[in-house]
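Quick note: numbers below take in every heavy atom, side chains included, and nothing from hydrogens, waters or symmetry partners. The structure presented is a predicted model; accordingly, all values stated were derived computationally and were not measured.
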Amino acid sequence: MSFITDIKTFAALGSGVIGSGWVARALANGLDVVAWDPAPGAEEALRKRIANAWPALEKQGLKPGAAQSRLRFVATIEECVRDADFIQESAPERLELKLDLHGRISAAAKPNALIASSTSGLLPSEFYESSSHPQRCIVGHPFNPVYLLPLVEIVGGRNTAPEAIEAAKQVYSALGMQPLHVRKEVPGFIADRLLEALWREALHLVNDGVATTGEIDDAIRFGAGLRWSFMGTFLTYTLAGGDAGMRHFMAQFGPALQLPWTYLPAPELTEELIDAVVDGTSEQRGERSIASLERYRDDCLLAVLDAVKTTKARHGLNFSD
């Protein structure tokens, strides 16, 4: 079966932080977007988020026809997906909710329209169980802010056709994204499993009084985080092995894996720990609003992305290399 890859109309179900990010990316790529969210005041909140993201998208470069006015908000799931060429669901992480949603979405959608979920951990074989034409159903897990960060993890369920995975790669690539096919259904997929491990260690460090939230963030943003933005973990450690590379690194530092450097199980979320995290991040935030912090984050991301892209080109590499 062939699936639509040259999309003109993008359907977005759910308009929170992730859903609105998808809407912003689709609009910036010159698409018509139809959105649905049953929450009170959802349309107004969505349009405010799009307006806040638009300056960064203008700096990045808009595709021909890109306009905030091409967003249409509708009252029902069926109206949202009926004429869509591609469908992206970004509802809350509840299995029962997604089962019901995708039963209705798939019944109303074109049979050859791909259906994707932004879920960060639920398995597609479970929540697409009641879907019509499940061979076109995938996970397309993005990262915040969706309109700037290129990574999208693509995960198929047991009924997903290989052609749907390939078609999804084409669609997301056309939206300026970097698709990563996750070969097996595992909770949390790839990136969030790595982030979760770091998050648990960070909470332990706060809980044990080793560091404040700001100090932990400094350890990342002035250290490993700078390397991660262009080289990742494995290539970074390859260089740490000197001319002998990764084999020497593993021989030299492998024994440290047996040392009690990490906890891995999460600490108990006591009121004291929650207060410490909230107080620490409130101090980091200061008087700045969330919207102003989002604009600051977007400008920093654009600068890093541009610097990495420019430097890679100077070394004869593509951005995706």
Determine, using the 4.5 Å side-chain heavy-atom cutoff (strictly less than), whether [X] and [Y] are members of one ILVMFWY cluster.
X	Y	answer
I220	F230	no
L305	M231	yes
V277	L293	no

Work out which heavy atom in [X] is nearest to a heavy atom in [Y]; give both atom names and the distance.
X	Y	result
V139	F127	CG2-CZ, 3.8 Å
K98	A91	NZ-O, 3.1 Å
F73	A42	CZ-CB, 3.9 Å
N112	R136	N-NH1, 4.4 Å
H102	S117	NE2-CB, 4.1 Å
I138	I165	CG2-CD1, 4.1 Å

In sequence, state the C-alpha distance, the side-chain angles, and the governing distance for D192 and F143, and then conclude on side chain to side chain contact (heavy atoms under 4.5 Å, CB included).
-> CA-CA 9 Å; D192 274 356; F143 295 84; 3.8 Å; yes

Would you please test F189 and T119 for side chain to side chain contact (heavy atoms under 4.5 Å, CB included) and show each step?
-> CA-CA 10 Å; F189 317 134; T119 182; 4.2 Å; yes

Charged N to carboxylate O under 4.0 angstrom, E129 versus R158?
->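 Yes, this pair counts.
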
Student check: side-chain heavy atoms of [X] and [Y] closer than 4.5 Å:
X	Y	answer
E78	R104	yes
K312	N318	no
F10	R70	no
Y128	N159	no
N207	E268	no
I115	S131	no
F319	V308	yes

Could you walk me through whether K169 and E166 pass salt bridge (charged side-chain N to carboxylate O under 4.0 Å, His left out), step by step?
-> CA-CA 5 Å; K169 289 180 182 179; E166 295 306 312; 3.3 Å; yes

Counting only heavy atoms not in [X] (residues, nucleotides, ligands), do more than 12 fall under 6.0 Å from its [atom1]?
X	atom1	result
Y296	OH	no
E283	CD	no
M250	CE	no
Y237	OH	no
K48	NZ	no

Scan for side chain to side chain donor-acceptor pair (under 3.5 Å) pairs involving residues 145-157, sequence neighbours excluded, and state none if there are none.
->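 Qualifying pairs: H141-E153, Y147-R297, Y147-D298.
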
Kindly list each side-chain donor-acceptor pair under 3.5 angstrom involving residues 51-60, sequence neighbours excluded, with atom names and distances?
| residue | atom | partner | partner atom | Å |
| --- | --- | --- | --- | --- |
| N52 | OD1 | R295 | NH1 | 2.5 |
| N52 | ND2 | A291 | O | 3.3 |
| N52 | ND2 | E294 | OE1 | 3.1 |
| K59 | NZ | D299 | OD1 | 2.7 |
| K59 | NZ | D299 | OD2 | 3.3 |

Donor-acceptor pairs under 3.5 angstrom involving side-chain atoms of residues 11-28: please list them, not counting sequence neighbours.
| residue | atom | partner | partner atom | Å |
| --- | --- | --- | --- | --- |
| S15 | OG | D37 | OD2 | 3.0 |
| S20 | OG | G16 | O | 2.7 |
| S20 | OG | V17 | O | 3.1 |
| W22 | NE1 | S118 | OG | 2.9 |
| R25 | NE | V146 | O | 2.7 |
| R25 | NH1 | L175 | O | 2.6 |
| R25 | NH2 | V146 | O | 3.1 |
| R25 | NH2 | L149 | O | 3.2 |

